[in-house]
Amino acid sequence: MKRWSKRPEGSNWGDFGDEDELGKLNLITPDIRKAALATAQEGLVFPLSLPLDLPGGTELIPSRYPPQLRATHRANGQVNFNYAFSRDDPQCCDVVSDDVLTLCLQYSTQWDSLAHWGQEFDADQDGHAEIVYYNGYRAGQEVLGPTGPDSPCQARRLGIDKVAETGIQGRGVLVDLVARHGHAFVRVGYDDLMRTLDQQGADVRTGDLLCLYTGWADLVLEMNGTPDVARLRTACAVLDGSDRKLLQWISDSGIVAICADNLAVESLSFGGRITGGHRHSKFPLHEHCLFKQGILLGEMWHFGPLAQWLRAHGRSHFLLTAPPLRLPGAVGSPCMPVATV
């Protein structure tokens, strides 16, 4: 069923079908995946996740809390950790430990689903903007918010479980922005990105997952759970979401995701603007990728060791396997990406 009569300017709504929930992930075909498998020549693997208790604290994003790991309890009320079965059966020598995790799904290394970022947009041209997400899915119908402080929320469509069902495996292309800019704060637009790709001899193909190594996650690791927030907010490269040439290249390149080792892929200080009577997004790259183009965003990945290996071997491409949790209704998920070279 078509949920819109007008799609946002620069969007691809409907191009993959009226019921599509995957966006550009549809471009990872079996042939694309087989070509990606061919990049794994050495059989070496690089884990690309930070420890999920980093960056640490709540100062960077006050609404997201560090994970809390606790023991479960047995039916008799006793703690189910280092629990000796001999307490119940003197002849039994077994011991069990079991735990439970309370986790903000986007606290650390993560995927944003297409239900993570929507917009107020008059999709049915009735003169009133409604809250909609990629391909016209609606708040209150397909993306359900809580009705009270303790009530559940659920993305019935566009949830991260839809992404998990694809397996997310394809060709990763690493853009080594540290080699070009070090740890300096710089907004990277189209021209800068193209120069970096040219210097690396990297090509970007349809179905690729674009990976940005800025060094931000390296700083987080060095801070060891006590982040220097002022430094992190003014360190390392970010994409310039206000650069229209960059946004057009993202649309035309055929990439299916952008994965960065920083907090939000783009600059957090853009702030939005109103020009010519039109409202603009506070985070234009999120708007363009998640809302308009169906391009996934990965944040706070850890590329340091992989980047060093690729640099030493004159390579930019690798096999990337990065499924999120198959958690129905969630709008984001931690992930444990793995690069194979």
So do the side chains of [X] and [Y] get within less than 4.5 Å of each other, counting heavy atoms only?
{"X": "I32", "Y": "L27", "result": "no"}
{"X": "I255", "Y": "I250", "result": "yes"}
{"X": "L114", "Y": "Y137", "result": "no"}
{"X": "V188", "Y": "T196", "result": "no"}
{"X": "P66", "Y": "T58", "result": "yes"}
{"X": "I28", "Y": "T166", "result": "no"}
{"X": "I61", "Y": "L263", "result": "yes"}

Go through it in stages, so that I can follow the logic: the residues are Y107 and L52, the test is side-chain contact (heavy atoms from CB on, under 4.5 Å), and I'd like the CA-CA distance, side-chain angles, deciding distance and then a yes or no. CA-CA 7 Å; Y107 182 78; L52 291 184; over 6 Å; no
Quick one: pull up [atom1] in [X] and [atom2] in [Y] and give me the separation to the nearest 0.5 Å.
{"X": "F185", "Y": "C236", "atom1": "CZ", "atom2": "SG", "result": "10.0 Å"}
{"X": "L197", "Y": "L210", "atom1": "CG", "atom2": "CG", "result": "7.0 Å"}
{"X": "L22", "Y": "F16", "atom1": "CG", "atom2": "CZ", "result": "9.5 Å"}
{"X": "L103", "Y": "D53", "atom1": "CG", "atom2": "CG", "result": "10.5 Å"}

Could you give me the CA-CA distance, side-chain angles and deciding distance for D161 and L327, then say whether side-chain contact (heavy atoms from CB on, under 4.5 Å) is met? CA-CA 5 Å; D161 51 310; L327 181 58; 5.9 Å; no
For [X] and [Y], which heavy atoms make the closest approach, and how far apart are they?
{"X": "R157", "Y": "A115", "result": "O-CB, 4.2 Å"}
{"X": "A330", "Y": "A155", "result": "O-CB, 4.4 Å"}
{"X": "Q200", "Y": "L174", "result": "NE2-O, 2.9 Å"}
{"X": "P337", "Y": "T109", "result": "CD-CG2, 4.0 Å"}
{"X": "G298", "Y": "V265", "result": "O-CG2, 3.7 Å"}

Main-chain N/O of [Y] paired with [X] side-chain donor or acceptor, under 3.5 Å:
{"X": "D208", "Y": "R205", "value": "yes"}
{"X": "Y65", "Y": "G57", "value": "no"}
{"X": "W216", "Y": "L232", "value": "yes"}
{"X": "R180", "Y": "V175", "value": "no"}
{"X": "T39", "Y": "L319", "value": "yes"}
{"X": "E266", "Y": "L285", "value": "yes"}
{"X": "S108", "Y": "L54", "value": "yes"}
{"X": "D176", "Y": "A179", "value": "yes"}
{"X": "Q293", "Y": "G10", "value": "yes"}
{"X": "D89", "Y": "Q91", "value": "yes"}

Regarding [X] and [Y], do their side chains bring together a donor and an acceptor under 3.5 Å, going by distance alone?
{"X": "H288", "Y": "S251", "result": "yes"}
{"X": "N135", "Y": "E21", "result": "no"}
{"X": "D192", "Y": "H181", "result": "yes"}
{"X": "H313", "Y": "E42", "result": "no"}
{"X": "Q78", "Y": "R87", "result": "yes"}
{"X": "E299", "Y": "Q106", "result": "no"}

Where do E9 and K292 land on the salt bridge (Lys or Arg N to Asp or Glu O under 4.0 Å) test, with the steps shown first? CA-CA 8 Å; E9 182 181 356; K292 292 184 175 182; over 6 Å; no
Regarding K2 and the six-membered ring of W4, is the cationic atom NZ or CZ under 6.0 Å from the ring centre and inside 45° of its axis? yes
Can you list the steps and then say if W301 with W111 is a ring-ring contact (aromatic ring centres under 6.0 Å, His included)? CA-CA 10 Å; W301 292 28; W111 278 119; 5.1 Å; yes
From the list Y133, W117, Y134, W13, ring pair (Phe, Tyr, Trp, His ring centres under 6.0 Å) with F291 holds only for W13
[atom1] ([X]) with more than 12 external heavy atoms under 6.0 Å:
{"X": "Q141", "atom1": "CD", "result": "yes"}
{"X": "R195", "atom1": "CZ", "result": "yes"}
{"X": "D94", "atom1": "CG", "result": "yes"}
{"X": "L144", "atom1": "CG", "result": "yes"}

What pairs of residues pass the side-chain hydrogen bond (donor to acceptor under 3.5 Å, both in side chains) test when at least one of them lies in residues 255-264, not counting sequence neighbours? T214-D261
Give me the one residue out of K6, R3, R138 that meets salt bridge (Lys or Arg N to Asp or Glu O under 4.0 Å) with D124. R138
Ion pair present between R74 and D98, side-chain N to carboxylate O less than 4.0 angstrom? no
Pair D243, R187 - check salt bridge (Lys or Arg N to Asp or Glu O under 4.0 Å), show working. CA-CA 10 Å; D243 184 345; R187 292 181 176 87; over 6 Å; no
